Amino acid sequence: MRQHGKLEYGGQAVPQRTCVGCRVRTAKSELLRLVLVEDHVVPDLRGRLSGRGASLHPSLSCLELAERRRAFPRAFRVPGPLDVSPVRAHLEGDHEMSCRTPS
Ligand SMILES: [Zn+2]
């Protein structure tokens with residue numbers, strides 16, 4: 001994917017990824033990296049989980065789009081279906097998962 005010739009971006013080639021929801025290419029740093037853990041799609045918040053990743057805008061609408069188009073099984077190359085609830089919980093913007101202790 002190397003472009004020949006002299007393309008100069010002031011030395012800043014920003015890595016880009018395509019959002020699996022809306023399919024818009026965006027700077028990698030603005031996308032949430034997702035990885036597959038067994039059948040669960042989980043946000044890789046620290047960028048440390050290994051394996052095939054998918055990128056998503058950190059927005060519920062992109063998550064819903066991705067689900068509707070079955071983008072996750074395709075991105076991870078598995079038959080699916082996959083559980084995206086960890087991502088949803090993350091995008092819903094709280095840490096309820098850790099607080100939701102059954103009493
Ligand atoms: Zn998106």
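The figures here come from the full heavy-atom set of this structure, side chains too, leaving out hydrogens, waters and symmetry mates. Counting starts at 1 for both ligands and their atoms, in listed order. Because the structure is a prediction, the values reported are computed rather than measured.
- Considering CZ of Phe76 and CG of Asp39, their distance stands at 11.5 Å, rounded to 0.5 Å.
- For the atom pair CZ of Arg88 and CD of Glu64, the computed distance is 5.5 Å after rounding to the nearest 0.5 Å.
- Residue-environment remark: CZ (Arg70) stays at or below the threshold of 12 foreign heavy atoms within 6.0 Å.
- Every residue meeting the side chain to side chain donor-acceptor pair (under 3.5 Å) condition with Asp83, not counting sequence neighbours, appears here in chain and number order: His40, Ser85.
- Within a 6.0 Å radius of CZ in Arg23, no more than 12 heavy atoms belonging to other residues, nucleotides or ligands are found.
- Around the Zn ion (ligand 1), the protein contributes the following N, O or S atoms at distances under 2.8 Å: Cys19 SG, Cys22 SG, His57 ND1, Cys62 SG.
- Atom-to-atom distance recorded for Cys22:SG and Leu56:CG is 8.0 Å, nearest 0.5 angstrom.
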